[in-house]
Protein chains: 2
Amino acid sequence: MALEHAILVSLLEKPGSGYELARRFERSIGYFWTATHQQIYRVLKRMENDGWVDVRDVPQQGRPDKKEYSVADLGRAALSSWLQDPIEPESVRHDLAVKIRGAAFDDPAVLTREVERHRQAHRDRLAHYRAGETRDFPGPEASTAAPGAPLDAERELQHVVLRGGIAYEQMMIDWLDDVLATLARFGPSR
Amino acid sequence: MALEHAILVSLLEKPGSGYELARRFERSIGYFWTATHQQIYRVLKRMENDGWVDVRDVPQQGRPDKKEYSVADLGRAALSSWLQDPIEPESVRHDLAVKIRGAAFDDPAVLTREVERHRQAHRDRLAHYRAGETRDFPGPEASTAAPGAPLDAERELQHVVLRGGIAYEQMMIDWLDDVLATLARFGPSR
DNA sequence: ACGCGCATGTAACGTGTTACATGATTAC
DNA sequence: GTAATCATGTAACACGTTACATGCGCGT
C-alpha cells in the first residue's frame, strides 16, 4: 500500500493541510496516484496517531483555520523503510479493454463513440501535462547548477515522473487510434 | 466496477469453471485485468444468485468435478447495458512513481536497483506478449476472409487489446530508461 | 439570496488482498 | 513420500468510493 507513502512524499516536498493534499492529488501527485479527501483525512488521522506526522494549528483570516501537517521522524523512517522494500511491478487495470473485447458480442458503433470520448480525454490530459511541463520545467534540460548538484534532484525526479505521464497519455492516444482503425475495418457498414 | 463484466466477456468467449477463469486472469484477460480465485468464486456465486450465469456440473475422471459456468440471458443483458454505459477514463496508479519522487529524500542507489528490476520485469512481460502474438495471431493483418467478415471481430478485438499491452510495456521500458538516465545524472558519485 | 472555494469530517458499502482450509490425482 | 496441479471455498481485514454533513467568507 502506498497512499500513506504518497502523502509522506508530498508533505516532505511541502507541508500542508488535508485539504491542500487533496488538491495536490488532483494535480501533480494525481498524475500517478489518486485519492479523495475522505481517504486523505482518514489516513492522516491514522498517521497522526502513529506519530508519523506532526500537526500544527494554523489560524487564518478570511478562511477557516487549518491543520498543517509535516513529516515526523517516525514518518521519515517509515518512508525510508518502504523505499528500501522492493515492490512488485503492477499490472494495468483497463475497463476499456474489457469493453473492447466485449464489443465482439454487442454493437461496435457504441464502442466507437466511447473510444473516441476516451481518446479526447487523453488528448486533454496530454495537453494539460505539456502545459505544466512548459510552466514548471522551462529552460535547458541540464539545469544551471553544477553537475551533481543535489538541490535539483527533487525537481529532476518530479520532471521525469511528469514525462512518464506524458509518455503514457501519448501511448494511449496512439493505441486508441489503432482501436478505432480496427473497429472501422468491420464497423462502418454494420 | 468491471470484474463481473470481465467474467461475462470471458465466459462468452468460452464457458468454463471458476478455476479456469482464474487461470485466464493470469493470461489473456490478465493483460488488462487481474483477479484472484477468491474474488472470482465470490463474484460467480453472486452472479449465479442473480441469474446472470447458468451452472452445469461436469463430472471428470482423474480430476475433481467442476462447475461449468455459461452466460445466461440476464447476464448478457447486464453486459450489454454496461457496454452502453459510458465510463470515465481512469488514471494510472504507480507505486513506482511515488518511490521515484520519494528518492529525492533517500538513497537514490537503492531506487536505481529497484527501477532496473522493474525494467527487467517489463521486458519479460513484453517478450511474453510478443510470443503470444506470434502464436495466436500469425499471418497477414487483414485476415483471409472477405472485408467486413463478422466472424473475425472477436479475434481482431483480442488482437488489438494485446497490441495495447505491448504498447504499454514498450512505453514503460522506454520511460524506465529515461528514469535511469536521470538518476545517473546525479547518482554515480553520491 | 445563491453559489463557490476553503476546510474538516462521518457512515455505509463495495472491492481487493491475504491467510487459512480441504481433498483428490499425477509425476518424480 | 512429497510436491504440483486441479478444484472449491471461508474469514478477516485493508482500501477505495459515494453519499451525507457542517460552517464560514466572498463575490454577484
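From a predicted model like this one, the values you see are computed outputs, not experimental measurements. In what follows, every chain begins at residue 1, and chains take the letters A, B, ... in the order their sequences are listed.
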Once base and sugar-phosphate atoms are separated, protein heavy atoms under 4.0 Å mark nucleotides 18-25 of chain D, 5' to 3', with B, S and - as BB---B-S
Determine, step by step, whether B:His122 and B:Gln170 satisfy the side chain to side chain contact (heavy atoms under 4.5 Å, CB included) criterion, reporting the C-alpha distance in whole Å, the side-chain angles of both residues, the deciding distance to 0.1 Å, and the verdict. CA-CA 8 Å; B:His122 286 288; B:Gln170 187 61 63; over 6 Å; no
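Following rounding to the nearest Å, A:Phe25 (CZ) and C:dA7 (P) show an atom-to-atom distance of 17 Å. Distance CG (A:Asp65) to P (C:dT8): 9 Å, rounded to an integer number of Å. Residue B:Leu44 contributes atom CG, which lies 16 Å from atom C1' of D:dT10 at whole-angstrom precision. The distance from atom CD1 of B:Ile40 to atom P of D:dA7 is 14 Å, rounded to the nearest whole Å. Distance CG (A:Leu21) to C1' (C:dG9): 15 Å, rounded to an integer number of Å. Atom OH in B:Tyr19 sits roughly 13 Å away from atom C1' in C:dA24 (whole-Å rounding). In this entry the distance linking NZ of B:Lys45 with P of D:dA11 reads 11 Å, nearest Å. A:Leu3 has its CG atom 10 Å from the P atom of D:dT17, to the nearest Å.
In this structure, B:Tyr69 and A:Val43 both approach DNA chain D, and ranking their closest nucleotides by distance from the 5' end singles out B:Tyr69.
In this structure, the side chains of B:Leu11 and B:Leu21 come closer than 4.5 Å at one or more pairs of heavy atoms. Put simply, the side chain of B:Ser17 does not reach to within 4.5 Å of the side chain of B:Lys67, judged on heavy atoms.
For A:Tyr41, the listed nucleotide lying nearest its side chain is C:dA7; candidates were D:dA7, D:dC15, C:dA7. Closest to the side chain of A:Arg93, from the set C:dT8, D:dC6, C:dG16, is C:dG16. Nearest nucleotide to the A:Lys67 side chain, out of D:dC6, C:dT8, D:dG9: C:dT8.
When atom types are taken as modelled, the side chain of B:His118 and the backbone of B:Met172 share no donor-acceptor pair closer than 3.5 angstrom. B:Glu48 places no side-chain N or O within donor-acceptor distance of the main-chain N or O of B:Val55, the cut-off being under 3.5 Å. The closest donor-acceptor contact from the side chain of A:Glu156 to the backbone of B:Thr182 lies at 3.5 Å or more, if one exists at all. The backbone N or O of A:Val160 sits less than 3.5 Å from a side-chain atom of B:Trp175, completing a donor-acceptor pair.
Geometrically, A:Arg93 engages B:Trp33 in a cation-pi contact defined by less than 6.0 Å to the ring centre and at most 45° from the axis.
Note on A:Thr34: nothing from the nucleic acid sits closer than 4.0 angstrom, heavy atoms only.
Classified by interplanar angle (parallel below 30°, tilted 30° to 60°, perpendicular above 60°), the ring pair A:Tyr41/A:His37 is perpendicular.
Using a 4.0 Å cut-off, some side-chain N or O of B:Arg23 falls inside it from OP1 or OP2 of D:dC6.
For DNA chain C, none of the residues of residues 47-60 of chain B falls under the heavy-atom distance limit of 4.0 Å.
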